[in-house]
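Working notes for the structure below.
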Amino acid sequence: MRDTEERMAQMKRRVDALEKKRRRRIAAASAAACLLAVVGASLAMPGWIERLPAAALPNGAAASLFAEHAALGYLVIGILAFLLGVSVTILCFRMAMRSRSGRGEAHDRGD
């Protein structure tokens, strides 16, 4: 028969395992949502380009969407680059915090 300390330790391990499983599900769902957003934007892009007037795109410059409005292009690319940098920084910060907290809890339990 187990005493109270053993039961509490077992309960703590079970709660930790369930929390770890929940975090993995959230991470997988977030990655899937990002992938779907990128694929969706990629599939929608040809439709967006077709709706542009023919005069908006110079001959042979379909890839340069911002040919006539250079400042707009730089602005959009700058904002997108900033958002990408912020999201990567947040991701790295969260991964570091999770790694620190995981090592600290294992060390506290004596594992």
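In this text, all values refer to a predicted model and were calculated from it rather than measured experimentally. Count residues from 1 along the sequence.
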> So with a 6.0 Å cut-off around CD of Glu5, is the heavy-atom count from everything else above 12?
Replying inline: no
>> Tell me whether Asp16 is salt-bridged to Lys12, with the criterion being a basic N under 4.0 Å from an acidic carboxylate O.
In response: yes
>> Please determine whether residues Ile90 and Leu84 belong to a single hydrophobic cluster, defined as Ile, Leu, Val, Met, Phe, Trp and Tyr linked transitively by side-chain heavy-atom distances below 4.5 Å.
In response: no
> Would you say Ile79 and Val88 are hydrophobically clustered, going by side-chain heavy atoms of ILVMFWY under 4.5 Å?
Replying inline: no
>> For the CD atom of Glu19 and the CZ atom of Arg14, what is their distance to the nearest 0.5 Å?
In response: 12.5 Å
> For the atom pair CD (Glu6) and CG (Asp3), what is the distance rounded to the nearest 0.5 Å?
Replying inline: 4.5 Å
> Quick one: do the Arg13 and Gln10 side chains pair a donor with an acceptor below 3.5 Å?
Replying inline: yes
>> Under 4.5 Å between side-chain heavy atoms, counting indirect links through other Ile/Leu/Val/Met/Phe/Trp/Tyr residues: same cluster for Val15 and Leu18 or not?
In response: no
> Partners of Met8 by side chain to side chain contact (heavy atoms under 4.5 Å, CB included), sequence neighbours excluded?
Replying inline: Thr4, Met11
>> Name the residue from Lys21, Arg22, Arg23 that meets the side-chain contact (heavy atoms from CB on, under 4.5 Å) definition with Arg25.
In response: Lys21
